[in-house]
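Encoded as structure tokens, here's the structure I'll be asking about.
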Amino acid sequence: MSDIVQRINQLKEEKNAVILAHNYQREEIQRIADFVGDSLELCIKAKETDADIIVFCGVDFMAETAKILNSDKKVLIPEIKDIECPMAHQLPAEVVRRAKEEHPDAMVVVYVNTLAETKALADATCTSANADRVVNSLDCDKVLFGPDRNLAYFVSKRTNKEIIPIPEDGHCYVHKKFTVEDVKRVRREYPNAELLVHPECDPEVQDLADYVLSTGGMIRHVLNSDKKEFIIGTECELITRIKLELEKTGEEKVLIPLRKDAICDPMKRITLEKVERCLREEKYEITLDEEIIKKARIAIERMLSVKI
Ligand code: SF4
């Protein structure tokens, strides 16, 4: 074990801290984390933990969500600069307020990829793992849904409710890279492989995939499938995550990225050195307005009450 990993483990124990990491984090961060998962799994872990300090290795909205669910705990993020998810910033609270005025009969569902202030205005949050179930659980015919218009498309195919995307063109710049041409190329090169894509991909890419799954869903699918080859249509580090899981079972499977440049830069800002400093200096701490926490928590709890 390297010196830095030893120091991280020691600090974690001394301070009763837990490290949560998203599936898109670098391999070295995934290896030292107490738990690695998708947004929904991390929300559940953040709620369950009895640690005094949560170190969140992810992007801004994820650490905020951990704070909303643990207002009495210290929530830290190892880096504060350039860790914003661009999609989360595409739906400011003001846009939700305006949409609610225009559609007073609609309920509001926002992706967890939103800032706390936006969540505070929603009836429920959702992740890509439960978006259709959250929408279908609501007692209404019309849903304002944002910020990802591609996830809105995915949901609209799985509900009878009217889905109104807010804003009209919300998207993830990483998943936006995947094209129909990419799909045709990998289908030609790997005719026996299954194509798994994320619901943040454009509709035409979703329509050509064998499965449209959250990152957690992709991991479970690969681990439980009898098939041997998979093309992964999401951020490239998910392949690392699946390989780490396969290491535990000793099983060998072939994992091909749909594009090698599908990299989320804000996710890569966190390094081992920054995690060590974060634990030692207890920074950067996430702080949020109490009223925002109270309202946003209701929207998140509503999502968590929907059975998977
Ligand atoms: S992959 Fe896309 S949606 Fe996910 S954190 Fe990065 S920019 Fe945001």
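Being a predicted model, the structure only gives us computed values, none of them experimental.
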Salt-bridged, Glu27 to Lys243, with N to O below 4.0 Å?
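No salt bridge links Glu27 with Lys243.
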Interatomic distance, Leu20 atom CG to Glu41 atom CD [nearest 0.5 angstrom]:
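It comes to 11.5 Å.
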Looking only at non-hydrogen atoms, find the nearest pair between Gly37 and Leu42 and report the distance.
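What the structure gives for the nearest pair is O-CD1, 3.5 Å.
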Derivation and outcome, side-chain contact (heavy atoms from CB on, under 4.5 Å), residues Leu144 and Lys100
CA-CA 8 Å; Leu144 294 165; Lys100 280 169 87 153; 4.3 Å; yes
Do the non-hydrogen side-chain atoms of Lys119 and Lys295 ever get within less than 4.5 Å of each other?
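Answer no - side chains too far apart.
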Compare every heavy atom of Lys161 with every heavy atom of Cys140, then report the nearest pair and how far apart it is.
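Of all heavy-atom pairs spanning Cys140 and Lys161, the closest is O-NZ, 2.8 Å.
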Can you name the one residue among Glu273, Glu276, Glu14, Glu13 that meets salt bridge (Lys or Arg N to Asp or Glu O under 4.0 Å) with Arg7?
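Only one of Glu273, Glu276, Glu14, Glu13 forms a salt bridge (Lys or Arg N to Asp or Glu O under 4.0 Å) with Arg7, namely Glu276.
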Count the heavy atoms of every other residue, nucleotide or ligand shown that sit under 6.0 Å from NZ of Lys294, and state whether that count exceeds 12.
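No, the 6.0 Å shell around NZ holds no more than 12 heavy atoms from other groups.
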Will you find, in the side chains of Gln30 and Tyr24, an N or O donor that is under 3.5 Å from an N or O acceptor?
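There is no such pair between these side chains.
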Can you tell me if Asp261 has over 12 outside heavy atoms packed within less than 6.0 Å of its CG?
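Count over threshold, so yes.
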Check: Glu200 side chain, His175 main-chain N or O, donor-acceptor pair, under 3.5 Å:
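No, because the side chain of Glu200 does not come within donor-acceptor range (under 3.5 Å) of the backbone of His175.
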Do side-chain atoms of His103 reach the backbone of Asp105 as a donor and acceptor pair under 3.5 angstrom?
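Checked: no pair found.
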With a 4.5 Å limit on heavy-atom distance, are the side chains of Met62 and Val112 in contact?
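Met62 vs Val112: side chains apart.
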Within 6.0 Å of NZ in Lys253, more than 12 heavy atoms from elsewhere:
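Atom NZ in Lys253 is crowded, with more than 12 foreign heavy atoms closer than 6.0 Å.
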I'd like to know if the side chain of Asp210 reaches the main chain of Leu195, judged simply by a donor and an acceptor atom lying under 3.5 Å from each other, with no hydrogens or angles considered.
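Yes, the answer is positive, given that a donor and an acceptor are paired below the 3.5 Å cut-off.
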What's the spacing between Thr125 OG1 and Ile298 CD1 if we round to 0.5 Å?
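The OG1 atom of Thr125 sits 12.0 Å away from the CD1 atom of Ile298.
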Is Glu237 salt-bridged to Arg241, cutoff N-O under 4.0 Å?
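No, Glu237 and Arg241 are not salt-bridged.
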Between Lys12 and Asp34, is there a salt bridge with N-O shorter than 4.0 Å?
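Yes, this pair counts.
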Heavy-atom pair with the smallest gap, counting every atom of Cys85 and Val59
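For Cys85 versus Val59, the nearest heavy atoms are CB-CG2, 3.9 Å.
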Ring geometry between His221 and Phe230 (parallel below 30°, tilted from 30 to 60°, perpendicular above 60°)
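Perpendicular: the ring planes of Phe230 and His221 meet at over 60°.
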Quick one: do the Asn23 and Asp38 side chains pair a donor with an acceptor below 3.5 Å?
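Checked: Asn23/Asp38 side chains show no N/O donor-acceptor pair below 3.5 Å.
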How about Met107 and Lys142: do any of their side-chain heavy atoms sit closer than 4.5 Å?
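Contact flag for Met107/Lys142 side chains = no.
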Taking atom CG of Asp141 as the centre, does the number of heavy atoms from other residues, nucleotides or ligands within less than 6.0 Å exceed 12?
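Open.
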Ion pair present between Glu101 and Arg98, side-chain N to carboxylate O less than 4.0 angstrom?
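No, this pair does not count.
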Is the side chain of Asn9 donor-acceptor paired with the backbone N or O of Gln6 at a distance under 3.5 Å, no angle test?
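Side chain of Asn9 to backbone of Gln6: no pair is present.
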With rounding to the nearest 0.5 angstrom, report the OG to CG distance, Ser137 to Asp132.
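These two atoms lie 10.5 Å from each other.
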With no hydrogens and no angle check, is any side-chain donor or acceptor of Asn130 less than 3.5 Å from a backbone partner on Cys126?
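Looks like no, no N/O pair under 3.5 Å.
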I need the full list of ring pair (Phe, Tyr, Trp, His ring centres under 6.0 Å) pairs touching residues 46-84, with sequence neighbours left out, sorted by first then second residue.
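Sorted result for residues 46-84: empty, none.
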Under a 3.5 Å distance rule, please check whether Asp148 uses its side chain to pair with a backbone N or O of Asn150 as donor and acceptor.
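Between the backbone of Asn150 and the side chain of Asp148 there is a qualifying donor-acceptor contact (under 3.5 Å).
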Neighbour count >12 (heavy atoms, 6.0 Å) for atom CD, Glu189:
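More than 12 heavy atoms, drawn from other residues, nucleotides or ligands, come within 6.0 Å of this atom.
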If every non-hydrogen atom of Gly233 is compared with every non-hydrogen atom of Met218, which pair is closest and at what distance?
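Closest heavy-atom pair between Gly233 and Met218: O-CE, 4.1 Å.
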Asn16 side chain vs Ala51 backbone, donor-acceptor pair below 3.5 Å:
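A pair under 3.5 Å: no.
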N/O donor-acceptor pairs under 3.5 Å from side chains in residues 70-83, not counting sequence neighbours:
residue	atom	partner	partner atom	Å
Asn70	OD1	Lys73	NZ	3.3
Asn70	ND2	Ala46	O	2.6
Asn70	ND2	Ala66	O	3.0
Lys73	NZ	Thr49	O	2.8
Lys74	NZ	Glu282	OE1	2.6
Glu79	OE1	Lys81	N	3.1
Glu79	OE2	Arg269	NH2	3.3
Glu79	OE2	Lys274	NZ	2.8

Arg158 to Phe154 six-membered ring, cation-pi geometry met (6.0 Å, 45°):
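Yes, Arg158 lies over the aromatic ring of Phe154.
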Answer whether the closest heavy-atom distance between the side chains of Leu304 and Ile44 falls below 4.5 Å.
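With C-beta onward as the side chain, the pair touches.
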Determine, for Lys67 against Glu64, whether the closest basic-nitrogen to carboxylate-oxygen distance falls under 4.0 angstrom.
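Looking at Lys67 and Glu64, the cut-off is not met.
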Has the side chain of Lys15 got a donor or acceptor atom that lies under 3.5 Å from a matching backbone atom of Asp52?
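Not confirmed, Lys15 side chain does not pair with Asp52 backbone.
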Can you find a pair of side-chain heavy atoms, one from Leu91 and one from Val96, that are under 4.5 Å apart?
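They are in side-chain contact.
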Keeping Arg187 on the side-chain end and Leu208 on the backbone end, is there a donor-acceptor pair under 3.5 Å?
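Yes; at least one donor-acceptor contact below 3.5 Å.
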Under 4.5 Å between side-chain heavy atoms, counting indirect links through other Ile/Leu/Val/Met/Phe/Trp/Tyr residues: same cluster for Val36 and Ile54 or not?
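Val36 and Ile54: separate clusters.
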Over all heavy atoms of both residues, which pair between Leu121 and Val108 is shortest? Give the atoms and the distance, please.
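So the two residues come closest at O-CB, 4.3 Å.
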With a 3.5 Å distance limit and no angle check, can you tell me whether Arg149 reaches the backbone of Phe145 through a side-chain donor-acceptor pair?
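No, the answer is negative, given that no donor and acceptor are paired below the 3.5 Å cut-off.
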Is Glu28 paired with Arg31 through a side-chain N to carboxylate O contact shorter than 4.0 Å?
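Answer for the salt bridge query: no.
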Side chain proximity check, Leu255 to Leu246, heavy atoms < 4.5 angstrom
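When only atoms from C-beta onward are counted, Leu246 and Leu255 do touch, with a gap below 4.5 Å.
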Between Lys268 and Asp265, does at least one N-O distance fall below 4.0 Å, as a salt bridge requires?
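No salt bridge links Lys268 with Asp265.
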Would you give the length of the straight line joining atom CE of Met267 to atom CD of Gln25, rounded to the nearest 0.5 angstrom?
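If we round to the nearest 0.5 Å, Met267:CE and Gln25:CD are 6.0 Å apart.
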Co-membership, hydrophobic cluster, residues Leu69 and Val18, 4.5 Å side-chain:
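Yes: a chain of side-chain contacts under 4.5 Å links Leu69 to Val18.
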Same cluster (ILVMFWY, side-chain, under 4.5 Å), Ile239 and Val222:
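Yes, it is one cluster - the side chains of Ile239 and Val222 are joined through contacts under 4.5 Å.
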Find out whether Ile19 and Ile8 are in side-chain contact, i.e. whether some heavy atom of one side chain is under 4.5 Å from a heavy atom of the other.
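Answer yes - side chains close enough.
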Side-chain contact, heavy-atom cut-off 4.5 Å: Ser128 with Ser39?
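Contact flag for Ser128/Ser39 side chains = no.
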Which atom pair, heavy atoms only, marks the closest approach of Ile68 to Arg297?
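In this case the closest contact between Ile68 and Arg297 is O-NH1, 3.4 Å.
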